[in-house]
Amino acid sequence: MKQLIAAVLILVTSTAIAQNKKKQDIDAITAMCGCYKVSFNFAETFSPNTDYAYYDNYRSGALEYVIPVEEEKDKIVLQHLLVIGDTMIIKHWRQDWLYENTDLYTYDKNSQWTYTSLPAKEVKGQWTQKVYQVDDSPRYEGSATWVHYDGRHYWENTADAPLPRRDRTKRKDYNVMTRTNRQEITSYGWLHEQDNDKVLREEDSETLIAEEKGWNTYTKVDDSQCQVAQEWWTANASYWNDVRIVWDELFATKKDIAINMKVEDKILYQRLFGLEKEMMDVSPYNSELAQSKIKEVIQKHLKSDQLLSALN
């Protein structure tokens with residue numbers, strides 16, 4: 001009997017510890033929400049090629065609003081919105097956080113992602129961060145444990161990704177960015193620190209072109225500075241919810257994904273942003289019609305016939 005009681009106490013204690021840890025994780029994730037003055041900083045730091053000509057440092061800044069658009073027991077979706085001037089809003093990147101998730105889409109190269117299933121025991125207590133592009137197409141994903149120690153709260157993972165926008169139209173010497181991302185909650189807001197490898201990946205080889213340091217600070221400001229972003233999201237959230245639904249149908253097939261980002265001289269995000277304006281002019285908003293047209297757009301950019309049929 002004593003052994004049974006001891007076993008029950010251990011189980012209860014471990015469950016309580018796990019629940020408290022998960023709450024800390026959720027608090028850290030949701031702490032990234034709010035209105036921020038953001039500073040983007042990137043610098044190439046090393047190349048194994050002694051003749052390599054380093055690119056200039058990249059610096060930029062913006063006002064950014066991060067809003068939770070889905071909050072469930074094991075899933076938190078954060079949408080980033082750029083605030084330009086007093087009236088212009090640009091839908092920016094999105095990060096989904098999934099608890100003990102086993103389904104990943106890992107980036108290969110040339111706008112191709114491979115479905116990967118992880119063993120449940122490998123992701124116990126972990127959170128997957130799924131990062132999406134402005135049109136909600138996939139970007140990169142990784143699973144890791146949130147760390148809460150000595151007053152620090154951070155999550156770190158390494159994952160392959162397509163080229164960032166700052167290099168996409170300028171660089172042809174590499175085709176994969178291997179990103180080590182660290183997101184840490186700070187006294188001023190949060191920090192997105194990066195250690196990136198710029199890699200040329202070919203069928204039978206992989207060459208490191210250069211290493212890069214990223215240091216992006218999110219300094220919290222009063223939410224009133226992002227009021228225009230809040231209003232924009234209230235007006236447009238229905239359409240982007242439908243875009244997420246259609247993409248989720250595709251991801252649920254658990255098949256590899258290959259995307260032609262540019263078709264007939266138009267980029268995927270241009271078509272989806274244009275469709276947004278068209279659908280928001282329909283009154284009342286028609287979700288069924290929107291999803292049908294969103295599917296048509298995404299199908300136009302998919303390379304795989306098998307995946308095309310999956311969306312019909």
Side-chain angles (χ1 to χ4, degrees), residues 40 42 55 58 60 62 79-82 84 88-96 105-115 130-141 159-179 196-203 206-207 209-210 212 236 239-240 242-251 253 255-280 290-312:
F40 303 102
F42 295 92
Y55 280 70
Y58 176 90
S60 182
Q79 177 63 58
H80 292 237
L81 303 171
L82 283 176
I84 309 297
M88 185 176 180
I89 303 300
I90 297 177
K91 180 180 174 294
H92 206 197
W93 63 294
R94 185 181 112 225
Q95 48 176 327
D96 290 10
Y105 273 94
T106 57
Y107 188 66
D108 180 21
K109 62 179 183 301
N110 304 328
S111 297
Q112 299 178 70
W113 289 261
T114 302
Y115 170 75
K130 294 175 175 274
V131 172
Y132 299 90
Q133 311 200 66
V134 296
D135 51 21
D136 290 320
S137 59
R139 190 157 176 73
Y140 59 90
E141 307 180 358
D160 290 340
L163 270 63
R165 189 171 301 276
R166 63 184 181 276
D167 278 354
R168 193 179 305 162
T169 58
K170 302 174 183 177
R171 304 284 295 265
K172 299 294 183 183
D173 56 335
Y174 81 101
N175 59 359
V176 175
M177 176 172 277
T178 299
R179 311 172 59 118
N196 303 322
D197 287 350
K198 298 181 177 183
V199 173
L200 177 61
R201 179 172 294 164
E202 299 175 296
E203 292 303 320
E206 191 165 293
T207 305
I209 303 301
E212 174 189 75
N236 294 275
Y239 172 78
W240 289 106
D242 285 331
V243 173
R244 294 197 305 276
I245 288 172
V246 174
W247 278 116
D248 284 347
E249 287 181 16
L250 182 57
F251 301 144
T253 65
K255 293 182 172 62
D256 297 349
I257 295 175
I259 301 175
N260 284 313
M261 288 299 180
K262 192 172 187 179
V263 175
E264 297 172 359
D265 210 34
K266 264 199 172 181
I267 302 171
L268 175 57
Y269 77 80
Q270 293 174 322
R271 284 196 165 90
L272 285 175
F273 280 25
L275 181 60
E276 174 193 12
K277 296 177 182 177
E278 178 185 334
M279 289 296 96
M280 297 314 298
Q291 288 187 33
S292 175
K293 288 184 172 291
I294 292 163
K295 286 181 182 180
E296 290 177 5
V297 169
I298 293 176
Q299 285 176 342
K300 192 177 187 68
H301 286 263
L302 292 178
K303 296 179 183 178
S304 169
D305 291 338
Q306 186 176 22
L307 290 178
L308 289 175
S309 63
L311 284 180
N312 290 330

Legend entry - Backbone N/O of T114 and side chain of T106: donor-acceptor pair under 3.5 Å: yes

Inset, instruction - Kindly say whether R201 contributes a backbone atom to a donor-acceptor pair with the side chain of N175 at under 3.5 angstrom? - result: yes

Inset, instruction - Would you name the heavy atoms of R166 and K170 that are closest together and state the gap between them? - result: O-CD, 3.5 Å

Legend entry - Gap between atom OH of Y269 and atom CG of D136 - 0.5 Å precision: 14.5 Å

Legend entry - NZ/NE/NH1/NH2 to OD/OE distance under 4.0 Å, E264 and R271: yes

Legend entry - Value rounded to 0.5 Å, distance of OH in Y239 from NZ in K293: 10.5 Å

Legend entry - Name of the residue among E202, E206, E203 meeting side chain to side chain donor-acceptor pair (under 3.5 Å) with K109: E203

Legend entry - Beyond-backbone contact of K262 with D265, side-chain heavy atoms, under 4.5 angstrom: yes

Legend entry - Side-chain touch I84/I90, heavy atoms, less than 4.5 angstrom: yes

Inset, instruction - May I ask you to decide if Y107's main-chain N or O and Q112's side chain share a donor-acceptor pair within less than 3.5 Å? - result: no

Legend entry - Pairwise distance CG(D242) to NZ(K295) - rounded to 0.5 angstrom: 10.5 Å

Legend entry - Six-ring centre of Y55, R171 cation under 6.0 angstrom, axis tolerance 45°: yes

Inset, instruction - With side-chain contact (heavy atoms from CB on, under 4.5 Å) as the test, would you mind laying out the steps for L302 and L250 before giving the verdict? - result: CA-CA 10 Å; L302 292 178; L250 182 57; 4.0 Å; yes

Inset, instruction - May I ask you to test the S137-M261 pair for a side-chain heavy-atom distance under 4.5 Å? - result: yes

Inset, instruction - Look at the rings of H92 and H80 and say which category their plane angle falls in: under 30° parallel, 30 to 60° tilted, over 60° perpendicular. - result: perpendicular

Legend entry - Any donor-acceptor pair under 3.5 Å from Q133 side chain to P138 backbone: yes

Legend entry - Lys/Arg-Asp/Glu bridge criterion (N-O < 4.0 Å) met for E212, R179: no

Legend entry - Y132 and F251 aromatic ring geometry - parallel, tilted or perpendicular at 30°/60° bounds: tilted

Legend entry - Distance-minimising heavy-atom pair for L272 and I294: CD2-CG2, 4.2 Å

Legend entry - Nearest heavy atoms of D135 and W247, plus distance in Å: O-NE1, 3.1 Å

Legend entry - Shortest non-hydrogen contact from D160 toward T178: OD1-OG1, 2.8 Å

Inset, instruction - State, without any angle test, whether Y174 and D167 hold a side-chain donor-acceptor pair at a distance under 3.5 Å. - result: yes

Legend entry - Side-chain touch V297/L268, heavy atoms, less than 4.5 angstrom: yes

Legend entry - salt_bridge(E276, K91) N-O dist < 4.0 Å: no

Inset, instruction - Give me the one residue out of Y140, W113, Y115 that meets ring pair (Phe, Tyr, Trp, His ring centres under 6.0 Å) with Y105. - result: Y115

